[in-house]
Amino acid sequence: MYTVAQLIGGVWGAGGEAGDLVVHDPATGAPVTGAPVATSDEVDKAVAAARGVAAEWAATPPAERAAALHRAADAVAAVADELAEATTTEMGKPLAHARGGVEAGIATLRQYAELAPTRGGRTLHGTPDALDFMTPQPRGVVAVITPWNDPVAVSCGLLGAALVTGNVVLHKPSERTPATGWLLARAVDSALPAGVLSLLIGGAETGAALAGAEVDVVAHVGSTATGRAVAAAAARSGAKVLLENGGSDPLIVDADVDPVWAAGQAATGAFANAGQICVAVERVYAHRDVAEDFVAALVERAAALHGGPGRDPATDLGPLVDRRHRDQVHGQVTAAVADGARIRVGGTLPEGPGAFYPATVLDNCRHDMALVREETFGPVAPVVVVDSFSEALRCAADSPYGLAATVLTGSMSHAQRAWRELPVGTVKVNAVFGGAPAGAAHPRRGSGQGFGYGPELLDEFTATKAVHIEAPGGGHW
Ligand code: NAD
C-alpha cells in the first residue's frame, strides 16, 4: 500500500485536512494507495508559498535550470521501475506499456533540458544607436493538472517545460494515480531548490481550487468537460489556459486498402491501453467495398487479445481504470445496441473482481450514435459503413472534437484531401500511431487549445517582452 504525502512550500507531508482518498487496483479491487486531500485553503497557501520563490527561480541562469532538469531526469530514471509498477497498480495498464510511458517521460525531460537554453527571442532592426530585441521570460506560477491514462509521460512534458523555462509549478496529478504522481514529484523535487515544485493531491474539488487560484498559467490535460470548467475558472483570475482535452478520433478505411492490414491498424488504435489513449481510434468509417472483410478481420484481432492484470507479461488488454469508468463505457455500448448497433465481439460485463472490459467490435453503427460521436475511452470499435471517401471525410470532420485522425488509403489524392480538409490537430495516413519526434499540433474545437507538447510547449510557458534601449538624451552612451 502506497502512503502518499503532499509537498507544499518545500515541506513534504504538509496539509491534507480535507481527508483521505483510497485508490483500488483495477485488476483486483484491492486498496493500493492512501492519499491526503488538499483543502482549498491549503491550495491557496501552496500558491502563495510558490510565488515566494518564483523570482529567485526565474532569475536562475537558464543553463543552471537545464542542469537541474537533467538531474531530475536522472532521478526519475533511478525510480523508473517503481514508477511503472505504481502506474500499473493504480490504473491497470500492462507493465511494459507503463514502463514505456516512464521512458517517454524521461526522454521529454532531457529534451526540454537541451532545448530550453537554445530557445531565445529575436533581435530587431531599430535605429543604429538603439538596442531592440524580444525575449521570452517565465510567466511565474504554473498550475499543472493531469490525468491518469499515461500519468508519467504527460506530467513530465508539462513539468519539464514549465520548470526549465523558469516557472514555479504546482502539480495536481489525477486522484486515480496519486502514488505515481507522488513518486514522480519526489524524484523531480530532489533536483530542484526547495519550493520550486509543489504537489497537491485530490480530485475535482482540489483541481477546481487550483484552477481558480491566483496563478499565472493553468495547464490542464484531461476531459473536455473539465477543460471547459478550468477555462471558466481561469477567466475569473486572468490566468492563461493551456488545454489538451478529449477526442473522438476517426479512422477512415478507404475502398482500395487490404482489409486485413486495415483491421490490424484499427485494433492497435482502438484497443491499446484498453482504448484509454487521447488519440485512440474511437470510430471507424469503412468503405462498403471492404467493410465486411475488414470487420471480420477486426473481430478476429479483438478475440485474440489476451485480457488480464497489467503485471502479467502475457496481458495485451488490462482492465479499465475503475468500475465507474467501465459503467460509462458499457453504458455507451448498450445505448448503441438499443439503437440498432450489432455486437460482433465483446460488449458484455465479465464476472469477477476488477474493472475488466473485453475488446468490443460493433457494426450497423450510425454516425449520429453517442457511441460514435462522444469519446468512449474504452476498448470499443464502432464501425460505420460509408459509400464514398467524401462521405467518410464528411463524417470524420463532423465532430465536437478535433484531436487527430487516421486515414488508410492507397490514393495520394485522398491522402491530400484528408490532411487539408480534416479540422483536427494531427492527421496520420496509413499508420495509426505514427509521427516524427518534435511534432506538435494545435488541437481544435473541444480537444483543447495551445501546444501541449513539442518544442512549442516551451513558448506556452513564457511571455515575450519587447525591449527598446536608447542612451540618455538621445545621444551616445
Ligand atoms: P479529467 O478531466 O476528469 O481529470 C483530469 C484532471 O483534472 C485530474 O487531475 C482531475 O482531478 C482534474 N479535475 C477534475 N475536475 C476538475 C475541475 N472541475 N477543475 C480542475 N481540475 C479538475 O480527465 P481524466 O478522466 O483524468 O482523463 C481522461 C481524459 O483526458 C480523456 O478525455 C482523454 O482524452 C484526455 N487526455 C487528453 C490528452 C491530450 O493530450 N489531448 C492526453 C491524455 C488524456
Side-chain angles (χ1 to χ4, degrees), residues 18 21 23 35 37-38 40 43 90-91 93 101 104-105 108 143-158 170-178 180-181 199-213 215 218-237 239 241-249 272-282 320-322 324-326 328-329 374-378 399-404 424-426 435 439-454 457 460:
L21 67 83
V23 178
V37 176
S40 59
V43 170
E90 292 193 311
M91 60 69 66
K93 72 165 68 184
T108 309
V144 170
I145 304 174
T146 52
W148 48 266
N149 65 319
D150 198 359
V152 179
V154 170
S155 303
C156 281
L158 294 170
L170 299 113
H171 182 207
K172 196 205 79 63
S174 169
E175 62 275 31
R176 281 154 156 162
T177 51
T180 308
L199 178 73
L200 295 162
I201 304 292
E205 267 183 48
T206 310
L210 186 55
V215 299
V218 187
H220 171 258
V221 180
S223 69
T224 297
T226 302
R228 297 221 158 120
V230 165
R236 287 190 284 277
S237 72
V241 177
L242 179 68
L243 299 175
E244 294 297 318
N245 293 152
S248 177
D249 286 6
N273 201 19
Q276 301 167 122
I277 301 178
C278 55
V279 291
V281 167
E282 290 269 339
L320 293 174
V321 66
D322 58 23
R324 178 161 59 94
H325 182 51
R326 183 173 77 167
Q328 281 170 9
V329 171
E374 283 308 317
E375 185 178 49
T376 307
F377 226 53
S399 172
Y401 302 98
L403 201 53
V424 299
T426 303
H442 280 138
R444 314 273 178 97
R445 299 174 174 164
S447 293
Q449 51 185 273
F451 286 107
Y453 45 92
L457 179 57
E460 298 283 357

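One-based numbering, in listed order, for ligands and for the atoms of each.
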Below 4.0 Å from any atom of ligand 1, is there a heavy atom belonging to [X]?
| X | value |
| --- | --- |
| Arg176 | yes |
| His325 | no |
| Gly448 | no |
| Ser174 | yes |
| Ser447 | no |

Open item on the list: Asn149 versus ligand 1: do any nitrogen or oxygen atoms come within less than 3.5 Å of each other?
Closed with: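 Checking ligand 1 against Asn149, no N or O pair falls under 3.5 Å apart.
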
Task: ligand 1 N/O within reach of Thr224 N/O, cut-off under 3.5 Å - done: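 No; the residue has no nitrogen or oxygen that sits under 3.5 Å from a nitrogen or oxygen of the ligand.
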
- [ ] Report, as yes or no, whether the 6.0 Å neighbourhood of atom CD on Glu374 holds more than 12 heavy atoms from other residues, nucleotides or ligands.
- [x]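 Yes, because the 6.0 Å sphere around CD of Glu374 holds more than 12 heavy atoms from other groups.
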
Please write down residue, atom name and distance for the protein heavy atom closest to [atom].
| atom | answer |
| --- | --- |
| atom 27 (O) of ligand 1 | Pro147 CB, 3.3 Å |
| atom 16 (C) of ligand 1 | Thr226 CG2, 3.3 Å |
| atom 31 (C) of ligand 1 | Glu375 OE1, 3.4 Å |

Open item on the list: Is the contact between Pro173 and ligand 1 made by the side chain, the backbone, both, or neither, using heavy atoms and a 4.0 Å cut-off?
Closed with: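 It is the backbone that gets close, since no side chain atom is under 4.0 Å.
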
Heavy atom to [atom], shortest distance: which of [options] holds it?
| atom | options | answer |
| --- | --- | --- |
| atom 42 (C) of ligand 1 | Ile277, Val221, Val218 | Val221 |
| atom 26 (O) of ligand 1 | Trp148, Tyr453, Tyr401 | Trp148 |
| atom 15 (N) of ligand 1 | Ala204, Pro178, Gly446, Ala229 | Ala204 |
| atom 1 (P) of ligand 1 | Ser223, Ala153, Ala211 | Ser223 |

Ignoring hydrogens, what is the shortest heavy-atom contact between [X] and [Y]? Give both atom names and the distance.
| X | Y | value |
| --- | --- | --- |
| Glu90 | Arg176 | CB-O, 3.5 Å |
| Ala272 | Ile277 | O-CD1, 3.6 Å |
| Ala153 | Gly101 | CB-O, 3.5 Å |

Open item on the list: If we check side chain to side chain contact (heavy atoms under 4.5 Å, CB included) with Trp148, which of these qualifies: Val154, Val23, Thr180, Val321?
Closed with: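 Per the side chain to side chain contact (heavy atoms under 4.5 Å, CB included) rule, the option paired with Trp148 is Val321, out of Val154, Val23, Thr180, Val321.
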
